[in-house]
Number of protein chains: 2
Amino acid sequence: MNTTTLKKISEVLGISISTASRALKNHPDISEKTKAKVIELAQTLDYEPNANAIHLRTNNNRLLGIVVPSISNFFYDAFIAAIEEEARQQGYSVMILQSGDNAEVEANNLKLLRQNRVCGVFACITPTTTQMQPFEKLLAMQIPVVFFDKVPDYANCIRISIADAEAASMAATALNEAGIKKVLAIFGNPAMSITKKRMQAFSNTIQFPKSCRLIHAHSFYEAYTLTKTHCSHKPLPEAVFCMSDEILTGTMKAILELGLQIPKQIKVIALSNGFFPQLYYPIITYVETSGYQLGKLSFHKMMACINGDRTSTELTVPCSIIKGGSL
Amino acid sequence: MNTTTLKKISEVLGISISTASRALKNHPDISEKTKAKVIELAQTLDYEPNANAIHLRTNNNRLLGIVVPSISNFFYDAFIAAIEEEARQQGYSVMILQSGDNAEVEANNLKLLRQNRVCGVFACITPTTTQMQPFEKLLAMQIPVVFFDKVPDYANCIRISIADAEAASMAATALNEAGIKKVLAIFGNPAMSITKKRMQAFSNTIQFPKSCRLIHAHSFYEAYTLTKTHCSHKPLPEAVFCMSDEILTGTMKAILELGLQIPKQIKVIALSNGFFPQLYYPIITYVETSGYQLGKLSFHKMMACINGDRTSTELTVPCSIIKGGSL
DNA sequence: AAAGCCCCTGCAAACGTTTGCGAAAATGTT
DNA sequence: AACATTTTCGCAAACGTTTGCAGGGGCTTT
């Protein structure tokens, strides 16, 4: 590694390391003449400060960690993109780790982040995360943790999520207003708090709960098969509600397969990030749950924490209904 | 930051820092008794080695950089996921930066990676990248650069991409074998080398080029409108070929809107990452251009480079046709 | 001319590790 | 009992930077 350091610069110029250091950061103590000399030599020698040394010395690496189930996911990639964008603008770097929804991997990831002395962690916990100890260690080190999307039922932590209840409620209201009684509502893994919230709000809001059928699908494929079985025989539900993009795509595949016309034969509404609904014709009506917005909000809260804000809040990104032609 | 260091451990135990260090890495010089003592104290004090210090001292941070146009993209997120997976297994970390297809941002990203003394960079260049200097600096620092997907026309660099020509050719062959003459073939931005390669291979292989129509769509939306205009009046093309997922989704939306039955009224084949084809019914037949595989291959080449391999090659990930029901 | 002051620069410690080398303590060998 | 050997440990330098402090030189002020 042919790397030029402050030492090398100082030796060439016959000055001390500290002078070189100060010259490069435009310190008022240094004369313009030496500043010019140092800066020029630094240019020609392609000096690039060693980030590791700076971090070690200053104990501030401006590094943020993200632990996410999977990067290749239409929700989390938007979240990550938002964080990365903001971070770069603010001079922070991000370290992104995938947990694969495996609690053990998650714990290892957190360890790695601790060892790297990140100054903040965004975490979306796995469905099987029970041990909060790795997170507590972070907090003990005064490293703020912002939980997003899949947040723990854990007292006094910072939780930022989609306005789950509100979103599900909005969808239910839209169904009510359309005068729809018989709904097939498909939710995700019932063990997740996000599912619980959405399901509860939905059933509380929907006008004719008794004529609805609420079911759970754990995957794209299960959403597909379940929709197929529920919609292959009469009487069809009037509408399908999909709790997530994953479920929406599965459901839509079944609807395509069955050749059902939207919205004539069946209506569809979903909670979605916004990308998938537009792929279909007609565009699916959905309540937007934006990973991008979630990222922005999370980042701002993180900045507040780093700047001393220690209040543990539960924030939600507001949501809005985007009308397509499926209702 | 309430952080415990080797120094603290050594002070508590009345031993030297070096002994503590060696004890924790099971160095043979240290007696079992002291090892046990040190390890136990480290446990209870939650000692986590400071990665920055280690990196500074050992000049090896096992950190890899990725520069990608956008994280929230169905191709790159798979690529990134593959890299992250492998990296973590091998004890490497990754730093992911988005260029937003902006050459200036790209240059800044590379600078950041240099400053962090990464030991390798994966780069997918922007369409407007002309200055190769930031990359050359990396190479001058002996940091290997693996270009992937969008690779520069630049001598002596490591390029890893989808077997573009081969993939397009395979799709054309499949159309030939199905006895299809009249194809609507939709390609992407003609300025990109990836488009050129795919288009040329396609037209060279297709059996009845004169009855085919080759057009360009620059976006999802353009693919949608173009497909709509080309397929809304008789005689319909027998099949549509889509160069990418972006185009496929646009085309499919038009087909859904027009209510055309696949494969009865129109056939579809695409080059794809593999995710979108399965969303439809029937599953779209496609030639797989896997971002995930690309990531795996890139990573292995990177490991080879880090271990001394300095041969500049041009690799491609093999592709295969995945038969759905759309042809 | 002595004292005071401002400019500029260098010294040295510190951040938390790793590691070559030397030395003390323990053990084995004549 | 003297010596050789092994085991176990500590010293100190190094990685590249930042930063408090002190000090030398030139200037102005009484």
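Proteins get letters first, then strands, A, B, ... in listed order; numbering begins at 1 in each.
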Main-chain N/O of A/I17 paired with A/S21 side-chain donor or acceptor, under 3.5 Å | no
A/T4 side chain near A/D46 side chain, heavy-atom distance below 4.5 Å = no
Before accepting this row, confirm whether a basic side-chain N of the pair B/E48/A/K111 lies closer than 4.0 Å to the acidic partner's carboxylate O.
-> no
So how far is it from A/L112 CG to B/S93 OG, rounded to the nearest 0.5 Å?
-> 4.5 Å
For A/F79, all residues meeting ring-ring contact (aromatic ring centres under 6.0 Å, His included), sequence neighbours excluded | A/F148
Side chains of B/Y76 and B/D149: donor-acceptor distance under 3.5 Å anywhere?
-> yes
Between residues 39-46 of chain A and DNA chain C, which residues have a heavy-atom gap below 4.0 Å?
-> none
Quick one: CD on A/E84 to CD1 on B/I96, what's the gap to the nearest 0.5 Å?
-> 8.5 Å
What does nucleotides 9-17 of chain D look like as a protein-contact string, B for base, S for sugar-phosphate only, - for none, at under 4.0 angstrom between heavy atoms?
-> BBB-BBBBB
